Amino acid sequence: MDTNTFFVTDELGNEIEMEILFTFQPDNSEKKYVLYTDPRMDDGSVMASLYDDEGNLSPVETEAEWEMIEEVLSAFIEDEEDAE
């Protein structure tokens with residue numbers, strides 16, 4: 001993903017602009033992940049999806065993937081806090 005935003009379509013057909021926090025590809029994996037937020041929300045929630053070279057999103061499906069994503073996100077947050 002080459003930009004810092006992208007659009008998703010909700011269940012009502014509305015396009016919503018999402019803000020990309022970061023993307024990553026784990027070592028020894030062909031899977032690529034994007035972590036993003038809905039800038040309209042103030043709750044600090046972060047969403048994650050798989051994405052392909054065309055920018056198509058797919059859901060994260062396994063508990064092991066979610067655990068890995070949570071570890072990567074925690075490291076990202078720590079780095080951001082250290083930079084302040």
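Worth saying up front: this structure is predicted, and the values here are computed from it rather than measured.
Both Leu21 and Val60 are members of a single hydrophobic cluster when ILVMFWY side chains are connected at heavy-atom separations under 4.5 Å. Linking Ile, Leu, Val, Met, Phe, Trp and Tyr whenever their side-chain heavy atoms come within less than 4.5 Å puts Val46 and Leu50 in one cluster.
Val8 meets the side chain to side chain contact (heavy atoms under 4.5 Å, CB included) test with Phe6, Ile16, Met18, Leu57; sequence neighbours excluded. Looking at residues two or more places apart in sequence or on another chain, you find a side chain to side chain contact (heavy atoms under 4.5 Å, CB included) between Glu54 and Asp52, Asn56.
Among residue pairs with one or both ends in residues 55-84, those qualifying as ring pair (Phe, Tyr, Trp, His ring centres under 6.0 Å) are Phe22-Phe76; sequence neighbours excluded. Among pairs with a residue in residues 3-23, none fulfils salt bridge (charged side-chain N to carboxylate O under 4.0 Å, His left out), at least two apart in sequence or across chains. Sorted by first and then second residue, the salt bridge (charged side-chain N to carboxylate O under 4.0 Å, His left out) pairs involving residues 29-48 (not counting sequence neighbours) are Lys31-Glu65, Lys32-Asp53, Asp38-Arg40.
Met41 shares a hydrophobic cluster with no other residue; no ILVMFWY side chain has heavy atoms under 4.5 Å from its own.
Between Leu35 and Leu73, some side-chain heavy-atom pair lies under the 4.5 Å cut-off. Residues Thr23 and Tyr51 have side chains in contact (heavy-atom distance under 4.5 Å, counting atoms from C-beta outward).
Scanning all heavy atoms of the two residues, the minimum distance from Ser45 to Thr37 falls at O-CG2, 3.4 Å.
With 3.5 Å as the limit, one finds a donor-acceptor pair spanning the side chains of Tyr36 and Ser49.
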query = Going through the checks in order, is the side-chain contact (heavy atoms from CB on, under 4.5 Å) test met by Tyr33 and Val72?
reply = CA-CA 11 Å; Tyr33 298 88; Val72 171; over 6 Å; no

